[in-house]
Asks: 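Here you go, one structure.
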Amino acid sequence: VQLVESGGGLVQVGGSLRLSCTVSGFTFDDYAIAWFRQVPGKEREGVGCISKNDDSTYVDDSVEARFTISSDNAKNTVYLHMNSLKPEDTAVYFCAAHQDWGAVAGPEILTYEMDYWGVGTQVTVSS
């Protein structure tokens, strides 16, 4: 089982990035895929998720107006589209998978224990 994040990097304030999470080794449709971020010394926070059961998505209120989540089933990939980036978005971004048949995307998924994790990708927003 693998989750591999990519697409991180250095971007200026107001810029955009698209992070990818490519999964392998499990049945994509049986899982919810979540995005988290963490700054050293701070708690990890949930950013949003997508349920592959019905492709519903949820994004935390703190980034709702700027971030969206989508997926490409043919590529077994989930995307985190980040726009209007701010310095406080600087963090390591992780994707994670939670097996949950019939799940609908919502904030509760971000509180579940994840079954699998990626290693993360660094996003740095410079002012």
Asks: With clusters defined by side-chain heavy atoms of hydrophobic residues (ILVMFWY) lying less than 4.5 Å apart, directly or transitively, does Val59 cluster with Tyr31?
Replies: yes
Asks: What pairs meet the salt bridge (Lys or Arg N to Asp or Glu O under 4.0 Å) rule with one or both residues in residues 47-56, with sequence neighbours excluded?
Replies: Lys52-Asp55
Asks: Under a single-linkage definition using a 4.5 Å side-chain heavy-atom cutoff for Ile, Leu, Val, Met, Phe, Trp and Tyr, are Val23 and Val4 assigned to the same hydrophobic cluster?
Replies: no
Asks: Please report the interatomic distance NE2(His98) to OG1(Thr111), rounded to the nearest 0.5 Å.
Replies: 8.5 Å
Asks: Quick one: OH on Tyr116 to CG on Leu3, what's the gap to the nearest 0.5 Å?
Replies: 9.5 Å
Asks: Kindly determine whether Val123 and Leu19 satisfy side-chain contact (heavy atoms from CB on, under 4.5 Å), including the steps that lead there.
Replies: CA-CA 9 Å; Val123 172; Leu19 304 185; 4.0 Å; yes
Asks: Quick check: closest heavy atoms across Ala103 and Asn53, and the distance to 0.1 Å?
Replies: O-ND2, 3.3 Å
Asks: Got a sec, which pairs hit ring-ring contact (aromatic ring centres under 6.0 Å, His included) with one end in residues 33-67, sequence neighbours left out?
Replies: Phe36-Trp117
Asks: Mind jotting down which residue pairs meet the disulfide bond (SG atoms under 2.5 Å apart) criterion with at least one end in residues 97-127? Sequence neighbours excluded, please.
Replies: none
Asks: To the nearest 0.5 Å, how far apart are CD in Gln99 and CG in Asp30?
Replies: 6.0 Å
Asks: Hydrophobic cluster membership, with links at side-chain heavy-atom distances under 4.5 Å among I/L/V/M/F/W/Y: are Val47 and Tyr79 in one?
Replies: no
Asks: Do Leu17 and Phe94 belong together in a cluster built from hydrophobic side chains that touch within less than 4.5 Å?
Replies: no
Asks: Check disulfide bond (SG atoms under 2.5 Å apart) between Cys95 and all other residues, then give those that pass, not counting sequence neighbours.
Replies: Cys21
Asks: Do Glu108 side-chain atoms and Tyr112 backbone N/O form a donor-acceptor pair below 3.5 Å?
Replies: no
Asks: Side chains of Asn83 and Ser16: is there a donor and an acceptor less than 3.5 Å apart?
Replies: yes
Asks: Taking the side chain as C-beta and beyond, is there a heavy-atom pair between Val1 and Ser24 under 4.5 Å?
Replies: no
Asks: Quick check: does any side chain N or O of Glu45 sit under 3.5 Å from a backbone N or O of Gln38, one acting as donor and the other as acceptor?
Replies: no
Asks: Please name the pair of heavy atoms, one in Thr57 and one in Ile69, separated by the smallest distance, quoted to 0.1 Å.
Replies: CG2-O, 3.5 Å
Asks: How far apart are the closest heavy atoms of Gly48 and Leu110, and which atoms are they?
Replies: O-CD2, 3.5 Å
Asks: Taking C-beta and beyond as the side chain, do Phe28 and Ile33 meet within less than 4.5 Å on heavy atoms?
Replies: yes
Asks: To the nearest 0.5 Å, how far apart are CD1 in Ile109 and OG in Ser56?
Replies: 6.5 Å
Asks: With rounding to the nearest 0.5 angstrom, report the CG to CD1 distance, Leu80 to Ile50.
Replies: 11.0 Å
Asks: Which pairs count as side chain to side chain donor-acceptor pair (under 3.5 Å) when at least one residue sits in residues 118-127, sequence neighbours excluded?
Replies: Gln122-Thr124
Asks: Judged by modelled atom types alone, do Asp60 and Ser62 share a side-chain donor-acceptor pair under 3.5 Å?
Replies: yes
Asks: Please report the interatomic distance CZ(Phe26) to CD(Gln2), rounded to the nearest 0.5 Å.
Replies: 10.5 Å
Asks: For Ser51 and Val104, what are the C-alpha separation, side-chain angles and deciding distance, and is it a side-chain contact (heavy atoms from CB on, under 4.5 Å)?
Replies: CA-CA 6 Å; Ser51 169; Val104 176; 5.7 Å; no
Asks: What's the verdict on side chain to side chain donor-acceptor pair (under 3.5 Å) for Thr22 and Thr77, showing C-alpha distance, side-chain angles and the deciding distance?
Replies: CA-CA 4 Å; Thr22 301; Thr77 299; 3.0 Å; yes
Asks: Please evaluate residues Met82 and Tyr93 with respect to the criterion side-chain contact (heavy atoms from CB on, under 4.5 Å), reporting the C-alpha separation (whole Å), side-chain torsions for both, the decisive distance (0.1 Å), and the verdict.
Replies: CA-CA 11 Å; Met82 306 187 295; Tyr93 285 72; 3.8 Å; yes
Asks: Would you list the pairs meeting salt bridge (Lys or Arg N to Asp or Glu O under 4.0 Å) in which at least one residue belongs to residues 85-104, sequence neighbours left out?
Replies: Arg37-Asp89, Arg66-Asp89
